[in-house]
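Remarks on the structure that follows.
Residue indices begin at 1 and follow the sequence shown. Basis for what follows: all heavy atoms, side chains included, without hydrogens, waters or symmetry-related copies.
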Amino acid sequence: MAFPEEFINILPAAERDALLAALETEPEVSIRFNYKTGDAQSLVLESLECKADGRVPWMDDAVYLDHRPQFTMDPLLHQGCYYVQEASSMFLAQALRSCVSGPVRALDLCAAPGGKSTLLAQLLPQGSLLISNEIQRSRAQILAENMVKWGRPDVMVTCNTPRQIGESNLMFDLIAVDAPCSGEGMFRKDEGALRDWSLNNVEMCAARQREILEDIWPALKPGGYLIYSTCTFNRMEDEDNVVWMMERFGAEPVPLDPEPTWNIISSLTVPDLPVYHFMQHRIRGEGFFLCLMRKPEGSAVTLKGKPFRPAGSGIPAECRNWIGPAGDYEFFIKNESIYALPSDLADDMWQAGQELYALVPGVEVAVMKGHDWIPAHALAMSNALRGDAFNRVEVTRQQALEYLHCDALRLPDAPRGILLLTYKDIPLGFVKNIGNRANNLYPQEWRIRNSIS
């Protein structure tokens with residue numbers, strides 16, 4: 001791999017040779033489990049025909065794999081039972097442990113494709129609300145798919161600019177900014193990042209990062225926390241921007257105290273600054289940088305939107321019974337879909353849906369087809385689905401792949417009507433069985449495009 005001379009020169013001298021050698025090696029493969037089933041780890045590893053090759057040290061529910069399988073052909077991935085995530089970025093969990101002890105209102109600002117958002121959704125305390133945002137519409141659609149599959153009812157997906165959110169009436173206890181960057185830490189996984197790298201691009205990225213931070217800082221509550229991260233090594237996008245936040249906003253960097261055995265490097269350019277570098281020759285993962293910042297205490301202007309008013313009519317009782325427990329959710333209709341919001345978060349989620357452009361404003365329960373309400377695929381993925389709401393039919397791996405390929409299925413022994421297919425006893429999605437075939441209700445835009453034969 002030929003590295004630009006300017007890139008080599010900006011690397012810390014003490015780490016340079018070992019890091020460059022590590023960038024020539026194969027990247028690690030790691031996954032993080034979503035406990036939709038009791039024994040998620042064994043079930044997933046058996047399905048992937050992989051062995052766990054060690055636990056990710058800073059994330060309890062994640063392991064390295066002994067090789068990279070063909071993830072697309074594993075139904076459990078599409079069921080949201082795990083997420084393929086680069087191990088270094090899971091260090092976000094350590095930041096959460098240091099700043100979150102109770103329910104929060106959290107924003108993942110640059111969230112696509114969803115790795116950090118699914119981690120936040122997994123670890124935030126009960127009663128928290130997570131808004132996962134992505135500015136680019138095409139990437140926001142991918143984010144929405146991954147968040148829907150993860151199945152948490154207390155998550156919204158939005159598509160807004162940092163300035164739009166910063167100028168809204170919304171305030172957050174926690175904001176994660178995984179800033180767009182020059183991508184130095186991903187060189188061995190992404191040849192395009194290496195090809196596009198230049199010192200000029202680094203400077204442009206650093207300036208863009210400061211613009212994003214400037215725009216979003218007003219949405220952080222006084223005393224709240226901002227997690228700033230990149231996948232770069234250079235100080236312009238890392239330490240220099242942290243120092244800029246300290247000088248511009250009075251932000252206070254917070255030590256995270258990682259275990260010495262984790263082999264994470266603190267700043268080599270700004271003494272005593274509590275920032276954390278992941279370098280491929282020292283850890284099993286890709287290049288990554290993170291700093292936890294605290295906003296100084298002060299007075300906050302609390303602007304309340306209109307409270308949520310649940311739909312009094314138009315929601316069929318049958319649809320209400322698909323999600324539960326009864327009384328724990330409020331319902332509304334938008335664009336020929338019925339959505340449900342957790343009752344204790346309904347006001348906050350409703351206000352966010354009025355302030356921002358929401359791709360996922362809540363749990364999509366049902367969609368209008370013709371003159372009938374049919375269950376939405378998001379309902380099958382959601383933890384809020386009532387287990388006894390539908391007749392369930394267990395399918396084989398081949399049938400599951402055919403379903404995910406959007407093929408029609410034949411289920412001659414199954415009852416007619418709407419059925420919930422399961423694979424490994426975990427919801428896969430809905431079909432409408434009409435006898436000679438079962439019409440596939442899986443979203444066409446999510447279908448597996450590979451050959452499944």
Are side-chain N/O atoms of Asp238 and Thr230 paired as donor and acceptor at under 3.5 Å? yes
Indicate whether the side chain of Asp348 and that of Gln351 have a donor and an acceptor atom separated by less than 3.5 Å. no
Partner of Ile323 by side chain to side chain contact (heavy atoms under 4.5 Å, CB included), out of Val363, Leu385, Ile338: Val363
Kindly indicate whether the side chain of Glu402, heavy atoms from C-beta on, has any atom under 4.5 Å from the side chain of Leu409. yes
Going by an N to O cut-off under 4.0 Å, is there a salt bridge joining Glu214 and Arg248? yes
Just jot down the ring-ring contact (aromatic ring centres under 6.0 Å, His included) partners of Phe430, sequence neighbours excluded, or say none. Phe390
Between Ser117 and Asp108, does any side-chain donor sit less than 3.5 Å from a side-chain acceptor? yes
Keeping to residues at least two apart or across chains, list the salt bridge (Lys or Arg N to Asp or Glu O under 4.0 Å) pairs with something in residues 37-49. none
Checking Trp217 now: which residues fulfil ring-ring contact (aromatic ring centres under 6.0 Å, His included) with it, not counting sequence neighbours? Phe249
Greater than 12 external heavy atoms within 6.0 Å of Tyr64's OH: yes
Return yes if a side-chain donor-acceptor contact under 3.5 Å exists between Asp328 and Ser343, otherwise no. no
Go through the structure and list residues passing salt bridge (charged side-chain N to carboxylate O under 4.0 Å, His left out) with Arg139, not counting sequence neighbours. Glu134
What about Phe187 and Phe7, are their ring centers closer than 6.0 Å? yes
When rounded to the nearest 0.5 angstrom, what distance separates CG in Asn34 from CG in Leu76? 11.0 Å
For residues 56-63, which side-chain N or O atoms pair as donor and acceptor with protein atoms under 3.5 Å away, sequence neighbours left out?
from	atom 1	to	atom 2	distance (Å)
Trp58	NE1	Ala87	O	2.9
Asp60	OD1	Arg55	NH1	3.2
Asp61	OD2	Gln122	NE2	3.1

Is a donor on one side and an acceptor on the other found under 3.5 Å between the side chain of Ser128 and the backbone of Leu124? no
When the aromatic ring centroids of Trp446 and His377 are compared, is their separation below 6.0 Å? yes
Which residues pass the side chain to side chain contact (heavy atoms under 4.5 Å, CB included) test with Ala95, sequence neighbours left out? Ile227, Leu256, Leu290
Is it true that the side chains of Ser88 and Glu86 contain a donor and an acceptor less than 3.5 Å apart? yes
Can you check salt bridge (charged side-chain N to carboxylate O under 4.0 Å, His left out) on Glu336 and Lys369, steps first, answer last? CA-CA 9 Å; Glu336 296 192 319; Lys369 189 169 185 179; over 6 Å; no
Checking side chain to side chain donor-acceptor pair (under 3.5 Å) for the pair Glu6/Ser198: CA distance, chi angles, key distance, verdict? CA-CA 8 Å; Glu6 288 179 322; Ser198 70; over 6 Å; no
Residue pairs meeting salt bridge (Lys or Arg N to Asp or Glu O under 4.0 Å), one or both in residues 187-198, sequence neighbours left out, come to Arg188-Glu286
Pairs touching residues 88-98 that satisfy salt bridge (Lys or Arg N to Asp or Glu O under 4.0 Å), sequence neighbours left out: none
His277: partners by ring-ring contact (aromatic ring centres under 6.0 Å, His included), with sequence neighbours left out: Phe289
Among pairs that include at least one residue of residues 158-181, which meet salt bridge (Lys or Arg N to Asp or Glu O under 4.0 Å), considering only residues two or more places apart or in two chains? Lys116-Asp178, Arg163-Asp215, Asp173-Lys221
Who pairs with Asp240 by salt bridge (charged side-chain N to carboxylate O under 4.0 Å, His left out), at least two apart in sequence or on another chain? Arg235
Measure the spacing between OH of Tyr228 and CD1 of Ile175 and express it to the nearest 0.5 Å. 14.5 Å
CA sep, side-chain torsions, deciding dist, call: Leu20, Phe3, side chain to side chain contact (heavy atoms under 4.5 Å, CB included): CA-CA 9 Å; Leu20 291 173; Phe3 299 106; 3.7 Å; yes
With Tyr339, which residues qualify under ring-ring contact (aromatic ring centres under 6.0 Å, His included), at least two apart? Phe332
Asn201 side, atom CG; Arg208 side, atom CZ - distance, nearest 0.5 Å: 13.0 Å
Could you verify whether a donor N or O on one side chain and an acceptor N or O on the other, from Glu184 and Thr232, lie under 3.5 Å apart? no
